[in-house]
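In what follows, residues are counted from 1 in the order of the sequence shown.
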Amino acid sequence: MTYCVGLLIDEGLVMAADTRTNAGLDNVGKFKKLHTWAKPGERVFVLLTAGNLAVTQAVTSLLEESMLGPKATKNPDSLFAAKTMFQAARIIGKAIREVRRIDGEHLGARGEAFSASFIFGGQIGKERPRLFQIYTEGNFIEATVDTPFFQIGEHKYGKPILDRVADAKMPLGEAAKMILISFDSTLRSNLSVGLPIDMLTYENGSLKFEHVKRIGQDDPYFRMVSGEWSKALRVAFKNIEPFDI
């Protein structure tokens with residue numbers, strides 16, 4: 001299984017994904033699910049992936065191939081040719097449909113679902129950063145002030161903290177802390193999501209990636225956050241009056 005989160009705030013983007021894949025109790029592996037592409041000073045893109053690993057890898061490979069060579073900026077299937085983030089999201093949707101066209105029938109013949117979902121964020125030029133959730137069918141929705149985050153994969157355990165705390169005006173550091181707490185809650189409740197976590201924070205207008213980190217079991221900040229969050233929950237629980245029976 002997978003857990004990925006993308007958050008759009010005034011200061012920029014926070015994107016994070018776990019690295020565990022599970023094809024059975026005795027077949028657990030680690031694969032990167034956070035992918036980045038950039039032309040520093042011009043455009044930056046981040047893609048989080050969940051679902052059938054073969055499908056999501058095929059989609060990312062198609063996207064990467066379209067950005068190779070000197071004519072990438074003129075290739076209509078290349079993210080480097082997109083003039084807006086909306087156009088870039090359409091390009092990813094087209095890549096998903098192309099993989100479905102090639103592999104969908106064969107997967108269905110074996111009783112396997114064509115399953116893939118994506119969170120896509122970034123910035124092109126002076127356009128504000130934007131964030132999209134892209135579905136298996138290739139269509140998508142965009143984050144708003146009222147709904148500034150998207151989750152894909154095993155999201156139910158980490159959603160309560162995001163519902164209560166996420167705010168478009170929160171600082172990047174606070175947003176990153178919130179997302180790590182969301183991951184900690186998920187890791188504690190679901191063995192199909194596992195460390196390490198790949199996390200990226202992007203500052204609005206910088207048009208370059210400077211803060212990408214892999215967070216493992218021994219990361220001191222993540223261990224501190226996990227311990228302090230557990231302690232804070234226990235204190236809050238004790239401070240609430242018992243039910244009158």
Side-chain angles (χ1 to χ4, degrees), residues 2-20 30 32-38 40 44-50 85 117-123 128-133 142-190 193-233 236:
T2 294
Y3 181 43
C4 300
V5 184
L7 172 68
L8 175 66
I9 57 178
D10 291 347
E11 289 191 4
L13 293 163
V14 182
M15 312 282 278
D18 83 316
T19 53
R20 178 167 292 182
K30 293 179 182 178
K32 186 176 181 180
K33 305 169 192 175
L34 185 153
H35 308 273
T36 63
W37 301 281
V44 291
F45 303 112
V46 191
L47 186 68
L48 307 179
T49 65
M85 284 298 297
S117 54
F118 303 83
I119 298 174
F120 176 59
Q123 185 173 19
R128 61 182 174 82
R130 298 171 73 176
L131 182 71
F132 303 86
Q133 181 171 348
E142 183 172 1
T144 66
V145 173
D146 294 324
T147 306
F149 68 87
F150 291 128
Q151 300 168 284
I152 53 176
E154 191 56 74
H155 64 270
K156 57 183 175 289
Y157 301 105
K159 193 171 187 292
I161 177 65
L162 300 180
D163 284 336
R164 287 181 169 89
V165 179
D167 186 334
K169 297 187 180 301
M170 66 194 314
L172 270 174
E174 289 288 296
K177 177 179 68 175
M178 177 192 66
I179 283 180
L180 287 179
I181 291 173
S182 175
F183 268 89
D184 179 65
S185 299
T186 303
L187 291 167
R188 284 177 175 267
S189 300
N190 193 309
V193 177
L195 294 167
I197 300 163
D198 289 323
M199 187 166 73
L200 175 150
T201 56
Y202 170 73
E203 297 177 16
N204 184 355
S206 65
L207 295 174
K208 58 183 176 180
F209 292 130
E210 295 183 294
H211 308 290
V212 183
K213 184 175 183 180
R214 174 158 285 194
I215 298 169
Q217 191 70 46
D218 297 329
D219 184 88
Y221 182 79
F222 185 69
R223 293 179 66 179
M224 180 276 292
V225 165
S226 178
E228 290 299 315
W229 181 244
S230 295
K231 187 189 302 182
L233 286 175

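- In terms of heavy atoms, Gly194 sits closest to Asp18 at N-OD2, 3.1 Å.
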Report task. Carefully, step by step, assess Ile215 and Tyr221 under the rule side chain to side chain contact (heavy atoms under 4.5 Å, CB included). Result -> CA-CA 9 Å; Ile215 298 169; Tyr221 182 79; over 6 Å; no
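- The structure places CG of Leu7 at 8.0 Å from CG of Leu13, a figure rounded to the nearest 0.5 Å.
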Query raised in the report: Does the side chain to side chain donor-acceptor pair (under 3.5 Å) test come out yes or no for Ser230 and Arg188, once each step is laid out?
Result: CA-CA 11 Å; Ser230 295; Arg188 284 177 175 267; 3.3 Å; yes
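- Environment of NZ in Lys208: sparse, with no more than 12 heavy atoms of neighbouring residues, nucleotides or ligands closer than 6.0 Å.
- Considering Phe118, Phe120, Trp37 in turn, Phe120 is the only one that fulfils the ring pair (Phe, Tyr, Trp, His ring centres under 6.0 Å) rule with Phe45.
- Side chain of Thr19 to backbone of Pro196: a donor-acceptor contact under 3.5 angstrom is found.
- At a threshold of 4.5 Å between non-hydrogen side-chain atoms, the residues Trp229 and Leu180 do not count as touching.
- Applying the side-chain hydrogen bond (donor to acceptor under 3.5 Å, both in side chains) test to pairs two or more places apart or on separate chains, those with a residue in residues 167-183 are Tyr3-Ser182, Glu174-Lys177.
- Closest non-hydrogen pair, Ala17 versus Leu48, comes out as CB-CD2, 4.2 Å.
- In this view, Lys32 satisfies the side chain to side chain donor-acceptor pair (under 3.5 Å) rule with no residue, not counting sequence neighbours.
- Counted within 6.0 Å of CZ on Arg214, heavy atoms from surrounding residues, nucleotides or ligands total more than 12; the atom is thus considered enclosed.
- Counting all heavy atoms, side chain and backbone alike, Thr201 lies closest to Ala176 at CG2-CB, 4.2 Å.
- Side-chain contact check for Phe183 versus Met199: every heavy-atom pair is 4.5 Å or farther apart.
- One finds the NE2 atom of His155 at 12.5 Å from the SG atom of Cys4 (value rounded to the nearest 0.5 Å).
- Expressed to the nearest 0.5 Å, how far CD1 of Ile179 lies from CG of Leu162 amounts to 6.5 Å.
- Here the CZ atom belonging to Phe222 is positioned 5.0 Å from the CG atom belonging to Leu187, to the nearest 0.5 angstrom.
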Requested in this report: Run the numbers on Met178 and Met170 for side chain to side chain contact (heavy atoms under 4.5 Å, CB included), then give the verdict.
Outcome: CA-CA 10 Å; Met178 177 192 66; Met170 66 194 314; 4.2 Å; yes
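- Put simply, the side chain of Glu11 does not reach to within 4.5 Å of the side chain of Asn204, judged on heavy atoms.
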Report task. Go through Leu172 and Val14 one step at a time and tell me if the side chain to side chain contact (heavy atoms under 4.5 Å, CB included) criterion holds. Result -> CA-CA 7 Å; Leu172 270 174; Val14 182; 3.7 Å; yes
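- In this structure, Lys159 and Lys156 have side chains that are not in contact, with every pair of non-hydrogen atoms separated by 4.5 Å or more.
- A search for salt bridge (charged side-chain N to carboxylate O under 4.0 Å, His left out) contacts involving Glu203 returns nothing, not counting sequence neighbours.
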Query raised in the report: Do Val44 and Tyr202 pass the side chain to side chain contact (heavy atoms under 4.5 Å, CB included) test, and can you show the C-alpha distance, the side-chain angles, and the key distance before you say yes or no?
Result: CA-CA 9 Å; Val44 291; Tyr202 170 73; 3.7 Å; yes
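- Atom NZ in Lys213 sits 14.5 Å away from atom CG in Leu34 (nearest 0.5 Å).
- Smallest separation of non-hydrogen atoms from Gly216 and Leu195: C-CD1, 4.2 Å.
- For the residue pair Met85 and Gln123, the shortest heavy atom distance occurs at SD-N, 3.8 Å.
- Nearest heavy-atom pair across Ile152 and Thr49 is CD1-C, 4.1 Å.
- Note that the CD1 atom of Ile119 and the CE atom of Met15 stand 6.0 Å from one another [nearest 0.5 Å].
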